[in-house]
Student: 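The structure's right below; bear with me while I get my questions together.
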Number of protein chains: 2
Amino acid sequence: MAAAIQVVDTQGAGAFSMRALGAFLECDPTAMYRHFRTKNALLDALLDSVVREGSAELPQSDDPRADIRANFRQLRRSLLAHPTLAPLVLRRPPGVGAYWERSDHAVAQLHRAGMDPVDAANVYQTLLFYTLGHALSEARQLARALEREGAGADGGPVASVDAPPERHPDLSDVAPHLRDDNEAQFLAGLDLILRDLPR
Amino acid sequence: MAAAIQVVDTQGAGAFSMRALGAFLECDPTAMYRHFRTKNALLDALLDSVVREGSAELPQSDDPRADIRANFRQLRRSLLAHPTLAPLVLRRPPGVGAYWERSDHAVAQLHRAGMDPVDAANVYQTLLFYTLGHALSEARQLARALEREGAGADGGPVASVDAPPERHPDLSDVAPHLRDDNEAQFLAGLDLILRDLPR
DNA sequence: ACCTGAACACCGTTCAAGT
DNA sequence: ACCTGAACACCGTTCAAGT
């Protein structure tokens with residue numbers, strides 16, 4: 001139900017209830033139980049649709065590395081498109097269901113780059129967990145900014161640091177470098193993991 | 001409040017309510033509002049204590065790489081020690097508050113290994129997000145196994161794959177390699193990110 | 001076949017009242 | 001100063017009853 005996504009995006013995930021959805025659709029709150037066995041089942045359908053978003057246009061060029069980058073960049077953007085919904089994605093096990101298209105694509109590219117299965121499995125899971133962790137942290141922060149100042153907020157750095165310098169000198173040295181563009185920072189991490197892959 | 005952690009661990013995070021905690025402590029459900037402004041504030045205190053758990057004994061040996069490994073392995077274990085609580089850690093922004101000790105330690109080791117600040121920042125965030133994503137996924141699965149069969153369950157592989165082989169040949173090739181020991185798989189991902197670090 | 005709405009067993013939180 | 005308990009405004013879900 002696309003209406004449910006709309007409710008979550010405009011009202012926030014916390015305000016999403018059967019009663020709120022019923023009011024939005026102008027029907028009885030209990031009518032949804034004809035289409036979904038439970039609120040959890042409805043939520044799971046929403047999460048799957050977010051993860052699958054845009055996965056039909058995954059590129060298959062002559063550069064495996066670029067294709068993998070595109071895959072995970074797209075996943076990150078899909079998650080960030082619904083910041084208040086994104087944190088709930090962790091409720092679903094990664095690597096199954098909605099991830100099939102994405103993981104099959106990524107593993108195929110790793111094979112094509114000449115990587116053996118064991119390495120491919122590790123690199124794939126590292127990429128996936130890194131992407132989920134990074135995007136969901138960013139989404140959470142973006143969601144807070146949205147509810148604080150309405151539309152048009154940018155959320156700030158994905159992980160800002162404000163430690164007392166005298167106690168944590170090394171941390172404070174690094175802090176300025178955490179304030180850069182979030183997507184660039186994300187892609188740098190991807191490249192770090194993909195470093196050994198032939199370009 | 002350590003009693004709250006006990007309630008979460010035995011009853012599951014879903015059953016944690018002010019009323020349930022009150023029943024456990026044999027006091028009125030509203031008595032907690034003298035010590036915590038809100039249920040959220042109480043939960044945040046719990047999450048912080050989990051992240052900080054054991055961070056006092058972070059090693060500082062002559063091998064920066066091993067020290068960083070120990071840091072993130074310890075973080076993973078702290079999260080997995082409270083599997084039903086762990087997913088809620090994402091509600092807090094990483095990189096602040098409870099993470100100070102851990103991130104300061106990790107960044108100090110990266111410096112000591114001769115890494116420049118920009119690289120150190122990226123490597124640190126990559127490690128953190130990878131660890132959070134990996135451990136929280138594993139914790140979620142472990143929590144499900146626990147509530148399904150009581151104590152003594154192992155939770156199975158952190159990301160099992162059961163895709164139709166005819167549609168996803170590459171994925172099916174890799175699936176067997178995802179079923180190995182979860183901690184070994186986690187450490188392999190860490191090493192992947194730390195590959196360039198001098199040993 | 002599908003929707004309705006009353007009802008049940010819960011929530012978090014507030015606040016006047018007690019000691 | 002701290003705890004109590006009634007009360008308020010919510011939840012998800014069920015089920016007999018309507019069309």
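Naming: A, B, ... by sequence-line order, numbering from 1 per chain. Being a predicted model, the structure only gives us computed values, none of them experimental.
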Student: Whether the side chain of A:R52 engages the backbone of A:S49 through a donor-acceptor N/O pair (distance < 3.5 Å, no angle test) should be reported.
Tutor: no

Student: Among B:I68, B:L194, B:V118, B:V107, which one satisfies side-chain contact (heavy atoms from CB on, under 4.5 Å) with B:V123?
Tutor: B:L194

Student: Please walk me through it: do B:H134 and B:Q185 pass side chain to side chain donor-acceptor pair (under 3.5 Å)?
Tutor: CA-CA 10 Å; B:H134 194 285; B:Q185 201 271 320; 2.7 Å; yes

Student: Could you give me the CA-CA distance, side-chain angles and deciding distance for B:Q109 and B:R65, then say whether side chain to side chain donor-acceptor pair (under 3.5 Å) is met?
Tutor: CA-CA 7 Å; B:Q109 305 317 309; B:R65 186 202 190 92; over 6 Å; no

Student: Do NZ/NE/NH1/NH2 and the carboxylate oxygens of B:R77 and B:E53 come within less than 4.0 Å?
Tutor: no

Student: List in chain and number order the residues that pass side chain to side chain donor-acceptor pair (under 3.5 Å) with A:D116, two or more places apart in sequence or in another chain; answer none if no residue qualifies.
Tutor: none

Student: Counting only heavy atoms and a strict 4.0 angstrom limit, can you tell me which residues of residues 21-36 of chain A come near DNA chain D?
Tutor: A:T30, A:Y33

Student: Angle between ring planes, A:Y124 versus A:F72, binned at 30° and 60°: parallel, tilted or perpendicular?
Tutor: tilted

Student: Can you give me the dot-bracket string for DNA chain D, 5' to 3', counting Watson-Crick and G-U wobble pairs with both distances under 3.5 Å, using [ ] for crossing pairs and | for partners on another strand?
Tutor: ||.|||||...|||||.||

Student: Taking A:S61's backbone N and O only, do any of them form a donor-acceptor pair with A:D67's side chain (distance below 3.5 Å, no angle check)?
Tutor: yes

Student: On DNA chain C, reading 5' to 3', which nucleotide is the first and which the last to sit with an atom under 4.0 Å from a heavy atom of chain B, could you check?
Tutor: C:dC11 to C:dT14

Student: Could you list the residues that satisfy side chain to side chain contact (heavy atoms under 4.5 Å, CB included) with A:P29, not counting sequence neighbours?
Tutor: A:R19

Student: Is it true that A:Y130 and A:F186 have ring centroids separated by less than 6.0 Å?
Tutor: yes

Student: Does any N or O in the side chain of B:R140 come within less than 3.5 Å of the main-chain N or O of A:L90, such that one atom is a donor and the other an acceptor?
Tutor: yes

Student: Using a strict heavy-atom distance below 4.0 Å, which residues from residues 10-19 of chain A are in contact with DNA chain C?
Tutor: A:R19

Student: Please evaluate residues A:T38 and A:N40 with respect to the criterion side chain to side chain donor-acceptor pair (under 3.5 Å), reporting the C-alpha separation (whole Å), side-chain torsions for both, the decisive distance (0.1 Å), and the verdict.
Tutor: CA-CA 5 Å; A:T38 186; A:N40 251 304; 5.3 Å; no

